[in-house]
Novice: 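After the structure tokens below, expect a handful of questions from me.
Because the structure is predicted, anything quoted here is derived from the model rather than measured.
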Amino acid sequence: MDYAFKQIEKKWQDKWYSEETFKTKDDKTLPKFYALVEFPYPSAHGLHVGHPRSYTALDILARKRRLEGYNVLYPIGWDAFGLPTENFAIKNKIHPRIVTADNVANFKRQLQSIGFSFDWSREINTTDENYYKWTQWIFLQLFKKGLAYKQEMPINWCTSCKVGLANEEVVNGVCERCGSEVVQRNKSQWMLRITEYAQRLIDDLDDLDYIEKVKIQQKNWIGRSEGAEVDFKIAGTDDAITVYTTRPDTLFGATYMVLSPEHPFVEKYKDKIKNYDEAAEYRAQAARKSEFERTEMAKDKTGVMLDGLCAVNPVNGKEIPVWISDYVLMSYGTGAIMAVPAHDDRDWEFAKKFNMPIIEVVAGGENVQEAAFTDTATGKMVNSGFLDGLEVKEAISAMIEYLEKNKIGTKKVNYKLRDWVFSRQRYWGEPIPLVWCDHCGWVPVDESELPLTLPETDNFEPGENGESPLAKMTDWVNTTCPKCGAAAKRETDTMPQWAGSSWYYLRYIDPNNSDAIASEENINYWMPVDWYNGGMEHTTLHLLYSRFWHKVLYDIGVVNTPEPYARRTSHGMILGENNEKMSKSRGNVVNPDDMVETFGADTFRTYEMFIGAFDQSTPWSINGVRGCYRFIERVWNMQEMLTDEEGYSKDFESLMHKTIKKVTEDIERMKFNTAIAALMALTNDFYKKGSITRGELRTFLILLNPTAPHMTEEMWERAGFGGCLNETEWPKYDEAKTIDDEVEIVVQINGKVKDRITIAASLSKDEMEKAVIENDKIKALIDGKAVVKVICVPGKLVNIVVK
RNA sequence: GUCGCUGUGGUGGAACUGGCAGACACAACAGACUUAAAAUCUGUCGGAUGAAUAAUCCGUACCGGUUCGAUUCCGGUCAGCGGCACCA
């Protein structure tokens, strides 16, 4: 009997969507479960097979938790502002709103064809006015709290197109569209002060149930370090170059200084610097490189010594030369470093190349350069005046004390984390609701005026001189100051795509509220998100940004929890059959539509979960899909083996309880592949037995239902178990029935397996040892040897150590 | 370069907290059914020696360490993947 998945899957999907089967309940007395997946960016390519990996996983958890009596919120929406849609719109002369609507319709059809149990009544879209009204509102709160400010920041500038480019549009240093040179050019941009929250973003990780690698990655990204800021006087001036160092103990080993080529002193001391032209030329060269290229270790060190500028080492009064080099960035620390070539790899390379003196200050043996800067550095100080003989750790404290006493430096905590560049010179984003008034400065649009809607236009091309396309729309730009009424101009930059995705989990809990982000009542009930699954690639940007916004909302009393997500897990990437990333150019893209069409949604879902370890990346295999299809058909055909017996047959009782336990626990641990393997093994056992009782089938169908919901509902109905499967209860297991009376244990001699014996599971260690020693085979093997030790692990093994 | 992760049969993977390496699949091969093929069902399936479903040895990227015992813990090396702040 063939399984007619097309008709059956359609039948149940029609029922679910028309009856809103999975709509979240209003009942706030029930225990809640808020499951969240990263909402997709609706691209023109349609759904990728990677999306359903995350969505199926949490769909399984959501469906299981519903059967366990939870009130489940499992929502979905569209993260729809962004660059690809805008570029598509420009290229094809279609308004991005229309492009977005088309893509959303396609994504929605695709997601619904897979049978996810999303609550579609809560669908949100970041480009809806009623959504971005609140994105703008949150921005205004940030602005009012002093967390938004303007600063000159470099943008990628295409010298031919005369537009600003996203990093992704710069390929090998040239413009992706025209191939012309791209340079860094400064532009005044809106910034968000995420660094003010750096310490809390680290500290609060401790109480969260995030997978460890996410915590580590976030901590390293924020990059807290302790050290000192030290002032090096510029000889013959009142100015000092301030550097940040984590190793103030090595100050006596500083033999030169390096400024970032953009450091303001280069301009300020233009007249003093004899080779200024050379320096300016070097700076222009550096502007052509990305930060990534500049800091790459593999490349050859370059730099220019500023002739005429000298710094004074504050601890020994020695004059040392000042260089500029592109490996020093303005964006970290103070934009200047003291170079201690004996104890830093990059400084050492630089010093070798330019013949700068190298002074060893920590006794480190022959390979001085190997004694790199680390937190765990140890050793005795040498060539270091009053520090000589001290251990590194003592020397650090002693030096900080000295610096502070003599007012030449201070202890300082530094973070690698940088403030968030929040401006985009683009059309398809939320307008920033601020007005520039010559009298009042930056004035927020009145909150009652929100949303500040994106003005209509047919021309989304970037503006002149790197301005946003909105700058061309003077009717919209020219306005009056909300404060004093004078003529004023609107901000024309828009927000980055990250804005809408930084708070979307809050909108799902009350998506139509017109008075607030969400009602207090709903926030109190639903927050925090219980389980958030998403890709590792979002760990340091999206996940950190949304934690930051949530904390700001917490500080102003909008939300009730200091963190948005109680738990964070991550899925691995699905690669093409050839083990490479799926991409059109590689021709290895798998279309979910084809899979659903050929094999059905249940097979597709099962394969997505069976493909491999959930948190690891793994290649697609069409043969693997066929294997899952075979499994689905074998399950379907079990109907022919169905008996009239109600409970479990005697031989299967223990196995049924073990399988319930295994599947229940594996789903919670996201071990979906082994949960399915257990159900496959059970299916094989039913085939061997040649029959299945009604009780066995009933339990089996519930266990498989979260993974293959359509077929299991149909089989439930045909078996006449009553009602719908999705309204029944998750089966319970009896722990006692999962434990065997007898176990096979391994007998090892000196760690090598020699025999297997079956003994009662209840035996104590002594009894086990006795049973093994008295075994004839073992007796023969240890005959004539001295037994040194016997290790007994109940239920597992006995290891006899002999000499 | 840097931060993080990963490395197990022909392939995807399993092995819970250090205790039988290879569950469950895929592929391959063989058998049953069939006029035949497909589908389905059943069986074999890490390597070496071996007639063997006997026995022994080797085997979880590589080198070393800890341990009665290491795929698992520690140190080092190599390779691959993800992030690197304006793709999402």
Novice: Sticking with atom C1', work out how far B:rG59 lies from B:rG22, rounded to a whole angstrom.
Specialist: 11 Å
Novice: Roughly, in whole Å, what's the span from CG in A:Asn684 to P in B:rA23?
Specialist: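 So the CG-P distance, A:Asn684 to B:rA23, works out to 13 Å.
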Novice: Need the pair for B:rA79. Rule: Watson-Crick or G-U wobble, both distances under 3.5 Å, any strand; none if unpaired.
Specialist: B:rU6
Novice: State whether a side-chain donor-acceptor pair under 3.5 Å links A:Arg547 with A:Gln218.
Specialist: yes
Novice: Could you give the CZ-to-C1' distance, from A:Phe631 to B:rC41, as a whole number of Å?
Specialist: 17 Å
Novice: Nearest heavy-atom pair of A:Tyr332 and A:Tyr415: which atoms, and what distance?
Specialist: CE1-O, 3.7 Å
Novice: Round to the nearest Å and state the distance from A:Ile632 atom CD1 to B:rA25 atom P.
Specialist: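 My rounded result for the distance is 13 Å.
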Novice: Quick check on B:rC24: is either OP1 or OP2 less than 4.0 Å from any side-chain nitrogen or oxygen of A:Asn673?
Specialist: no
Novice: Can a donor-acceptor pair be found between the side chains of A:Ser546 and A:Tyr505 at a distance below 3.5 Å?
Specialist: no
Novice: For the pair made of CZ in A:Arg626 and C1' in B:rU40, what is the distance, rounded to whole Å?
Specialist: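 After rounding, the reported distance stands at 16 Å.
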Novice: Hey, is B:rG83 sitting syn or anti, using the within-90° cutoff around 0?
Specialist: anti
Novice: Roughly how far, to the nearest 0.5 Å, is the CZ atom of A:Phe39 from the CG atom of A:Asp79?
Specialist: 4.0 Å
Novice: When every nucleotide of nucleotides 52-69 of chain B is labelled 5' to 3' by its protein contacts under 4.0 Å (heavy atoms), B for base, S for sugar-phosphate only, - for none, what sequence of letters results?
Specialist: ------S---------B-
Novice: With a 3.5 angstrom cut-off on both distances, give the Watson-Crick or G-U wobble partner of B:rC73, or none if there isn't one.
Specialist: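 Because both required distances fall under 3.5 Å, B:rC73 counts as paired with B:rG65.
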Novice: Is it true that the NZ or CZ of A:Arg568 lies under 6.0 Å from the centre of A:Tyr210's six-membered ring and within 45 degrees of the ring axis?
Specialist: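 Negative - A:Arg568 is either too far from the ring of A:Tyr210 or too far off its axis.
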Novice: Return the pairing partner of B:rA14 with a 3.5 Å limit on both distances, Watson-Crick or G-U wobble; otherwise return none.
Specialist: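 Pairing partner: none.
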Novice: Using Watson-Crick or G-U wobble geometry with both distances below 3.5 Å, tell me the partner of B:rA52, or none.
Specialist: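 Its partner is none (no Watson-Crick or G-U wobble pair with both distances under 3.5 Å).
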Novice: Side chains of A:Asn414 and A:Ser225: donor-acceptor distance under 3.5 Å anywhere?
Specialist: no
Novice: Evaluate the ring planes of A:Trp620 and A:Phe604, with Trp represented by its six-membered ring, and classify them as parallel (under 30°), tilted (30 to 60°) or perpendicular (over 60°).
Specialist: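 Because their plane-to-plane angle lies in the 30° to 60° range, the rings of A:Trp620 and A:Phe604 count as tilted.
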Novice: I want to check one thing: is the phosphate of B:rG13, taken as OP1 and OP2, less than 4.0 Å away from some side-chain N or O of A:Thr674?
Specialist: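 For B:rG13, neither OP1 nor OP2 has a side-chain N or O of A:Thr674 closer than 4.0 Å.
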Novice: Using the C1' atom as the point on both nucleotides, what is the distance between B:rA27 and B:rA15, in whole Å?
Specialist: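 Result for the C1' pair: 23 Å, nearest Å.
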Novice: A:Arg669 or A:Ile216: which one's nearest nucleotide on RNA chain B is closer to the 5' end?
Specialist: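 On the 5' side of the pair lies A:Ile216.
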Novice: Is there a Watson-Crick or G-U wobble partner for B:rA88 with both distances under 3.5 Å, and which nucleotide is it?
Specialist: none
Novice: Whole angstrom is fine here: how far is it from CZ in A:Phe599 over to C1' in B:rC26?
Specialist: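 Whole-Å distance recorded here is 13 Å.
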Novice: Touch check for A:Asn579, heavy atoms < 4.0 angstrom, all strands: base, sugar-phosphate only, or nothing?
Specialist: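 Answer is nothing: A:Asn579 stays at 4.0 Å or more from every strand.
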Novice: What is the nucleic acid contact for A:Thr539, judged by heavy atoms within less than 4.0 Å: base, sugar-phosphate only, or nothing?
Specialist: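 If one applies the 4.0 Å heavy-atom cut-off, A:Thr539 turns out to touch nothing in the nucleic acid.
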Novice: Sugar-phosphate means primed atoms, P, OP1 and OP2; the rest is base. With that split, encode nucleotides 83-88 of chain B 5' to 3' as B, S or - using protein heavy atoms under 4.0 Å.
Specialist: SBBBBB
Novice: Rounded to whole angstroms, how far apart are CZ on A:Phe672 and C1' on B:rC24?
Specialist: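 After rounding, the gap between these two atoms is 17 Å.
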Novice: Just the rounded figure in Å: distance from P of B:rA25 to CZ of A:Phe610.
Specialist: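 Answer to the nearest Å: 7 Å.
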Novice: If I pick the C1' atom on B:rU11 and the same atom on B:rA85, what distance separates them, to the nearest angstrom?
Specialist: 38 Å
Novice: With nearest nucleotide decided by heavy atoms, which residue, A:Asp615 or A:Val746, maps closer to the 5′ end of RNA chain B?
Specialist: A:Asp615
Novice: Send over the distance from A:Arg630 CZ to B:rU42 P, rounded to a whole Å.
Specialist: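 About 12 Å, once rounded to whole Å.
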Novice: Within the structure provided, determine whether A:Pro40 and A:Ile76 are in side-chain contact (heavy-atom separation under 4.5 Å).
Specialist: yes
Novice: Considering only atom C1', compute the distance from B:rA14 to B:rC20 and round it to an integer number of Å.
Specialist: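 These two C1' atoms come out 14 Å apart once rounded.
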Novice: For residues A:Asn623 and A:Ser621, is any side-chain donor paired with an opposing acceptor at under 3.5 Å?
Specialist: no
Novice: Determine the interatomic distance between P on B:rG10 and the same-named atom on B:rA61; round to the nearest Å.
Specialist: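 Looking at atom P only, B:rG10 and B:rA61 are 13 Å apart.
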Novice: If you measure from the P atom in B:rA70 to the same atom in B:rC5, how many Å do you get, rounded?
Specialist: 25 Å
Novice: Quick one: OG1 on A:Thr606 to CE on A:Met609, what's the gap to the nearest 0.5 Å?
Specialist: 9.5 Å
Novice: So if I apply the salt bridge (Lys or Arg N to Asp or Glu O under 4.0 Å) rule between A:Arg426 and each of A:Glu86, A:Glu467, A:Glu461, which one comes out positive?
Specialist: A:Glu86
Novice: Please give the distance between the P atoms of B:rC26 and B:rA39 as a whole number of Å.
Specialist: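 To the nearest whole Å, 12 Å.
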Novice: It should be established whether A:Asn637 places a side-chain nitrogen or oxygen under 4.0 Å from OP1 or OP2 of nucleotide B:rC41.
Specialist: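 The answer is no; no side-chain N or O of A:Asn637 sits under 4.0 Å from OP1 or OP2.
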Novice: Please report the distance separating the P of B:rG65 from the corresponding atom of B:rG12, rounded so that it comes out in whole Å.
Specialist: 31 Å
Novice: Does a donor on one side chain sit under 3.5 Å from an acceptor on the other, for A:Glu262 and A:Gln184?
Specialist: no
Novice: If B:rA32 has a Watson-Crick or G-U wobble mate with both distances under 3.5 Å, name it; if not, just say none.
Specialist: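 Paired with B:rU40.
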